[in-house]
2 protein chains.
Amino acid sequence: MELRGRATIRDVAERSGVSTTTVSHVLNEVPGKRISEQTRVRVTQAAADLHYRPNKLAQGLRTQRTGLIGFLSDHVSTTPFAGRMILGAQDAAAEAASLLVLLNSGGDPEVEEREVEALLERQVDGIVYAAFYHRVVTPPQGLRRGPAVLLDARGVDGEFSSVIPDEVGGSRAGVEQLLAAGHRRIGFVNNQDDIPARTLRLAGYRQALEVYGVPFDHSLMVEREPSARGGFDGAMALLSGIEMPTALFCATDRMAMGAYQAAQELSLSIPRDLSIVGFDDQELVADSLRPGLTTVALPHYQMGQWAVRQLLEQIDAPESQPTHALIPCPVVRRESVGPPSRAVRGLGGEPQPA
Amino acid sequence: MELRGRATIRDVAERSGVSTTTVSHVLNEVPGKRISEQTRVRVTQAAADLHYRPNKLAQGLRTQRTGLIGFLSDHVSTTPFAGRMILGAQDAAAEAASLLVLLNSGGDPEVEEREVEALLERQVDGIVYAAFYHRVVTPPQGLRRGPAVLLDARGVDGEFSSVIPDEVGGSRAGVEQLLAAGHRRIGFVNNQDDIPARTLRLAGYRQALEVYGVPFDHSLMVEREPSARGGFDGAMALLSGIEMPTALFCATDRMAMGAYQAAQELSLSIPRDLSIVGFDDQELVADSLRPGLTTVALPHYQMGQWAVRQLLEQIDAPESQPTHALIPCPVVRRESVGPPSRAVRGLGGEPQPA
DNA sequence: CGGTTTAACCCAATCGTTTAGGCACGGCGC
DNA sequence: GCGCCGTGCCTAAACGATTGGGTTAAACCG
């Protein structure tokens with residue numbers, strides 16, 4: 001029962017009366033090496049007796065492979081999203097017996113360079129560079145010096161492999177929930193921030209309308225800050241319009257929460273008088289609202305997983321071309337969607353999907 | 001412009017015409033070593049020219065110090081809380097030029113042992129064992145084999161240093177917000193789960209009442225599951241009672257969200273007809289509700305920070321006694337607390353704090 | 001002028017592995 | 001009896017740092 005000092009390969013060698021070479025061969029099951037059955041059992045037995053575990057540092061020094069993957073993000077861990085990305089990344093890393101080394105820069109490019117340096121010093125096998133919301137980034141220079149993958153971000157040029165959510169498809173699917181339920185006047189409370197999500201979710205919204213042959217009506221869209229406050233304002237603006245929409249599609253769940261509050265203010269019952277669909281699937285919000293919010297989930301777990309898997313492949317096959325993935329955003333159905341309210345329905349037939 | 005191959009200490013030595021010994025002495029500013037000014041500049045210059053960075057693996061192998069800290073948690077990353085703990089831990093690690101290696105077990109004790117093993121193989125300097133909500137744990141055996149600290153958890157014996165939130169103090173402070181505003185009938189929607197928070201937050205509630213000389217009324221407490229649903233039910237139960245409380249103290253923010261929904265159902269306006277205080281400060285919830293939820297914050301960032309700082313101390317001074325910290329939970333004031341509604345107020349004078 | 005200091009370095013071992021390239025020995029064919 | 005070939009190991013050189021214990025040459029001392 002040693003307190004700290006772990007057994008080394010030499011201890012195992014001595015105890016089993018062979019050289020460290022042989023121990024290494026046996027324990028690593030090196031192919032093409034001939035070892036007698038007798039020696040094999042003696043060695044494995046000794047290793048077990050001593051609770052021998054190879055020192056990964058030494059191993060890494062020798063093999064130039066540490067089994068460490070750097071996970072560098074801008075603001076990350078703070079957001080609930082981040083957790084799922086990290087989890088996906090971790091699980092994928094575990095498949096290759098690798099571990100994640102976490103670091104976050106707070107968004108400062110200078111800090112970022114330093115942190116990449118720190119990761120490289122530690123001889124990580126590769127680096128995942130994660131953004132905490134989908135956007136276009138110019139990754140730190142240092143990233144070029146080893147395998148790297150962009151997570152929830154697209155590089156300004158296509159230099160690095162990257163993975164992002166299929167915002168357009170998700171958005172379309174979300175709006176189609178409403179269209180399929182019979183809604184034709186669907187308000188869109190969009191995010192006002194200048195990020196990819198804004199234009200992509202709008203594109204999805206328009207695509208869905210088009211599929212159902214509903215013309216895009218500019219007066220049904222407002223843009224606000226992506227908070228409950230913003231959602232509230234936006235929803236109020238749309239709902240107090242002359243011809244009230246029967247449903248709202250909100251660019252984020254927090255905005256959807258604001259829309260709920262607006263509905264309450266106007267004494268509209270969800271989904272009887274107003275249907276709502278959100279985006280993000282922030283469980284804390286979507287699942288806590290009454291009624292539960294139907295929303296589009298961002299595939300953070302899958303993206304994290306994809307990023308690390310891709311990274312591992314690149315590590316094994318350097319010089320491979322960067323690839324770019326688009327992960328689908330599934331709809332999560334809860335109870336905030338129903339048929340349009342009688343009061344407004346049926347103003348002009350029921351167009352079907354084209 | 002080398003693609004991958006980093007410069008080694010030997011390269012620096014050759015370029016500056018000295019031995020690696022001297023390079024090491026210069027770069028590490030080893031005290032007591034005499035180096036001529038000339039050599040010093042030649043070496044540092046060469047190191048700079050070559051962009052030399054020591055290989056931390058080799059360094060760690062030799063010095064028995066890796067600058068890696070294992071962060072092992074049960075469910076962690078998934079919850080938004082986790083992020084703040086990790087952030088605090090990271091920042092504290094950065095103070096010592098250390099990095100965090102993340103791992104989570106999903107709660108399976110067997111996996112846990114394996115993961116501790118994996119961390120030890122990698123020669124981490126110490127391990128933080130984090131729970132994602134405050135509770136009593138029996139940490140994996142492997143933890144004994146190196147410095148370790150429990151985060152947001154208490155060991156079943158006092159063997160490991162640990163840090164937990166001051167639930168009692170926080171709870172008391174939260175309830176005092178209501179008492180100070182004049183409330184005397186304060187309902188308590190408690191968590192029904194069998195975890196420390198349940199009894200500790202109750203203790204704080206009672207302490208606060210005592211300070212103000214208000215007798216504890218058992219009929220003012222209900223226990224439900226810690227979700228919006230549970231909060232809704234609990235609040236409904238209390239608010240439909242014969243003598244309605246003028247304020248509610250909810251054991252979690254999600255429950256408080258449910259209480260808001262109950263208030264809406266009963267057409268009670270917050271804080272005019274009903275004041276509410278929550279617990280957790282889940283920003284996503286507390287800050288998104290209308291009106292903003294006054295709540296008690298869990299000091300996740302500080303706990304993470306404390307844990308790593310303590311760990312680093314233990315690494316430098318093994319054999320030191322374990323210490324246990326209690327981090328205060330500050331009240332975060334928003335707009336959900338007001339004076340008691342006229343309808344119910346002034347039924348019997350206004351007791352002052354004892 | 002011999003001996004002692006001192007300044008300024010350097011040699012080589014070490015941390016714990018992996019791995020290229022031997023080496024010894026027994027059996028086989030001729 | 002000799003050469004040859006497997007079989008089953010081992011020796012020693014890495015990997016890239018740190019570090020205890022020198023060594024060398026100049027300066028100093030009496």
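Chain letters run A, B, ... following the sequence lines, proteins first and then strands; every chain starts at 1. We use all heavy atoms of the structure for the numbers below, so side chains are in, but hydrogens, waters and symmetry mates are not.
Between the side chains of A:D91 and A:Q305, no donor-acceptor pair is found at a separation under 3.5 Å. With no hydrogens or angles considered, no side-chain donor-acceptor pair links B:S24 and B:T21 at under 3.5 Å. For the residue pair B:S161 and B:Q314, a side-chain donor N or O sits within less than 3.5 Å of a side-chain acceptor on the partner. For the 3.5 Å distance criterion, the side chains of A:T66 and A:D125 qualify, holding a donor opposite an acceptor.
For the pair A:Q38 CD and D:dT7 C1', the computed distance is 14 Å after rounding to whole Å. Straight-line distance from the CZ atom of B:R10 to the P atom of D:dA17: 8 Å, rounded to whole Å. Note: CG (B:N28) to P (D:dT19) measures 8 Å, nearest angstrom. Rounded to whole angstrom, the span from the CD atom of A:E14 across to the P atom of C:dG16 amounts to 13 Å. Rounded to whole Å, the distance from NZ on B:K33 to C1' on C:dA8 is 11 Å. Remark: C1' of D:dT7 and CD of A:E37 are 15 Å apart, rounded to the nearest angstrom. Taking atom CG of residue B:L27 and atom P of nucleotide D:dT18, one finds them 8 Å apart after rounding to whole Å. Rounded to an integer number of Å, the gap from CG of B:N55 to P of D:dA14 is 17 Å.
The side chain of A:Q59 places no N or O atom within less than 4.0 Å of a non-bridging phosphate oxygen (OP1 or OP2) of C:dG16. At D:dC9, one or more side-chain N or O atoms of A:T39 fall inside 4.0 Å of OP1 or OP2 (strictly under the cut-off). The phosphate of C:dC10 (OP1 or OP2) has a side-chain N or O of B:T22 nearer than 4.0 angstrom. For the pair A:T63 and C:dT17, the criterion of a side-chain N or O lying under 4.0 Å from OP1 or OP2 is not met.
Across every non-hydrogen atom of A:I86 and A:L100, the tightest pair is O-CD2, 3.9 Å.
In this structure, of D:dG6, C:dA8, C:dT14, it is C:dA8 that holds the atom nearest to the side chain of B:R34.
Backbone-only contact: A:R53 has heavy atoms under 4.0 Å from sugar-phosphate atoms and none from a base. Residue contacts for A:S36: at a heavy-atom cut-off of 4.0 Å it reaches the sugar-phosphate backbone alone, with no base atom in range. Base engagement by A:S19 is indicated by at least one non-hydrogen atom pair under 4.0 Å involving a base atom. B:T21 comes within contact range of at least one nucleobase, with a heavy-atom separation under 4.0 Å. Here A:T8 lies in heavy-atom contact (under 4.0 Å) with sugar-phosphate atoms only. Using a 4.0 Å heavy-atom criterion, one finds that A:V18 contacts the sugar-phosphate atoms exclusively.
Put simply, NE2 on B:H134 and CD1 on B:I164 are 4.0 Å apart, with the number rounded to the nearest 0.5 Å.
Of all the residues in residues 113-123 of chain B, not one reaches under 4.0 Å from DNA chain C with any non-hydrogen atom.
Along DNA chain C, the nucleotide nearest to B:R62 and the one nearest to B:R40 differ in position, and the one closer to the 5' end is contacted by B:R40. Across the interface with DNA chain C, nearest-nucleotide mapping of B:G17 and A:I9 shows B:G17 to be the residue nearer the 5′ end. Map B:H25 and B:L57 each onto its nearest nucleotide of DNA chain D; the residue landing nearer the 5' end is B:L57.
Between A:R40 and A:E37, at least one side-chain N (NZ, or NE/NH1/NH2) sits under 4.0 Å from a carboxylate O, which counts as a salt bridge. Here B:E121 does not pair with A:R6 in a salt bridge; the nearest charged N to carboxylate O distance is not below 4.0 Å.
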